[in-house]
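Here's the structure, in structure tokens; my notes come after.
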2 protein chains.
Amino acid sequence: MQLNCILFIMNTYKTILNNTGLKATKSRLGILEILKKQQKPLDVTEIAHQLAAKKISPDHVTIYRILEAFQKRKIVQRVELGEGKFRYELARNDHHHLICKKCGTIQDTPSCPVGKMKKMILQKQHFLVERHALEFFGLCKQCQSL
Amino acid sequence: MQLNCILFIMNTYKTILNNTGLKATKSRLGILEILKKQQKPLDVTEIAHQLAAKKISPDHVTIYRILEAFQKRKIVQRVELGEGKFRYELARNDHHHLICKKCGTIQDTPSCPVGKMKKMILQKQHFLVERHALEFFGLCKQCQSL
DNA sequence: TTAGGTGCAAAAGTTTTGCAAACTA
DNA sequence: TAGTTTGCAAAACTTTTGCACCTAA
């Protein structure tokens with residue numbers, strides 16, 4: 001990555017942070033960069049490792065606190081993929097995950113049929129859906145032929 | 001609950017257990033009864049409490065092991081509802097949960113639009129979906145008017 | 001300067017593991 | 001009796017909390 005690109009990103013993220021009332025610290029910028037680059041949600045340990053590769057080594061507690069602050073401001077969202085721990089990704093619109101039970105790869109899927117369902121739930125069960133979690137578990141392309 | 005009913009249930013569950021190669025112990029039968037009666041998935045602490053009410057007090061470790069054995073045999077299924085812990089319910093066909101963010105009630109919803117989506121995912125992304133998790137978070141009927 | 005952020009130590013909560021004793025079939 | 005199942009002790013792992021020190025704005 002070139003210097004001007006780094007600076008561009010840092011300015012962007014700095015702006016995001018300042019606009020939401022957060023100070024732009026190394027750890028926070030680092031976490032945003034890492035999550036941005038990532039195509040799959042990361043857990044705290046993975047985030048810590050990737051930060052370390054950037055020569056940033058905050059305490060795990062700090063990472064948790066940063067992620068909590070980001071979550072509160074809808075910058076990131078927390079997901080559970082059946083592992084007994086949380087993963088984090090930059091907040092995006094409806095998209096869901098395809099988790100391979102063999103190799104563990106996590107890929108995205110953009111389509112979401114749930115919109116219609118929300119209306120039905122409101123009509124029939126009078127429950128007002130605000131958000132939903134939808135995850136798929138199965139076999140990715142490669143693993144189907146192994 | 002009447003005596004003959006209790007016996008009926010115990011026989012039924014005993015049969016289930018024996019048929020899957022599990023011995024019918026008090027804790028196992030108790031857990032099955034509790035999950036059967038329940039309309040929502042329970043976590044281990046809740047199961048322990050409800051067992052205690054039945055004068056059955058196994059160690060938490062035992063409950064975890066029983067639930068693991070049940071899961072392996074598809075008698076129960078484990079779900080995550082964004083709490084950082086697992087909940088367990090008797091295995092059933094596609095149905096999903098409506099979790100109220102205010103009062104915490106958990107109700108079922110029977111409809112599931114995901115079947116169609118699975119086909120699309122296979123066609124477009126070559127991922128073979130085996131199972132999926134779909135949970136809804138929002139406001140139940142009562143809490144909408146508070 | 002100061003409100004906000006971080007590190008350290010400790011703890012809380014959930015889940016797992018190993019081994020010896022107890023129990024079901 | 002034999003193979004399962006359970007209890008106890010301990011630990012692994014994830015996440016949270018409190019307080020003193022530090023830092024970005």
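Excluded from the calculations below are hydrogen atoms, water molecules and symmetry mates; all remaining heavy atoms, backbone and side chain alike, are included. A, B, ... follow the sequence lines: proteins, then strands. Residue 1 opens every chain.
- Between Tyr88(B) and Leu35(B), the shortest heavy-atom contact is O-CD2, 3.5 Å.
- Atom NZ of Lys14(B) is separated from atom C1' of dT24(C) by 9 Å (rounded to the nearest Å).
- Ring orientation note: the planes of His96(B) and Phe136(B) are nearly perpendicular, at an angle over 60° on the 30°/60° scale.
- Partners of Lys141(B) under the salt bridge (charged side-chain N to carboxylate O under 4.0 Å, His left out) rule, at least two apart in sequence or in another chain, do not exist in this structure.
- Considering every non-hydrogen atom in both Leu81(B) and His97(B), the closest pair reads CD2-ND1, 4.1 Å.
- With rounding to whole Å, Lys85(B) atom NZ is found 18 Å from dT16(C) atom C1'.
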Classify every nucleotide of nucleotides 2-7 of chain C by which part a protein heavy atom approaches to under 4.0 Å, writing B for the base, S for the sugar-phosphate alone and - for neither, in 5'-to-3' order. -BSSBB

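- Heavy-atom minimum distance, Ile56(A) versus Gly30(A): CD1-CA, 4.3 Å.
- When atom types are taken as modelled, the side chain of Glu135(B) and the backbone of Ala133(A) share no donor-acceptor pair closer than 3.5 angstrom.
- For Lys36(A), the salt bridge (charged side-chain N to carboxylate O under 4.0 Å, His left out) criterion is met by no residue, not counting sequence neighbours.
- Note on Asn18(B): only backbone sugar-phosphate atoms sit closer than 4.0 angstrom, heavy atoms only; bases stay farther off.
- When all heavy atoms of His126(A) and Gln144(B) are compared, the closest pair comes out as O-NE2, 2.7 Å.
- Recorded end-axis angle for the helix from dT1(C)-dA25(D) to dA25(C)-dT1(D) stands at 40°, based on five pairs per end and rounded to 10 degrees.
- Residue-level contact check: Ala69(B) touches neither bases nor backbone, having no heavy atom under 4.0 Å from any strand.
- In summary, contact between chain A and DNA chain D, defined as any nucleotide atom under 4.0 Å from a heavy atom of the protein, begins and ends at dT14(D) to dA25(D) in the 5' to 3' direction.
- Counting heavy atoms of neighbouring residues, nucleotides and ligands inside a 6.0 Å radius, atom NE2 of His60(B) exceeds 12 of them.
- For Glu89(B), the salt bridge (charged side-chain N to carboxylate O under 4.0 Å, His left out) partners at least two apart in sequence or on another chain are Arg92(B).
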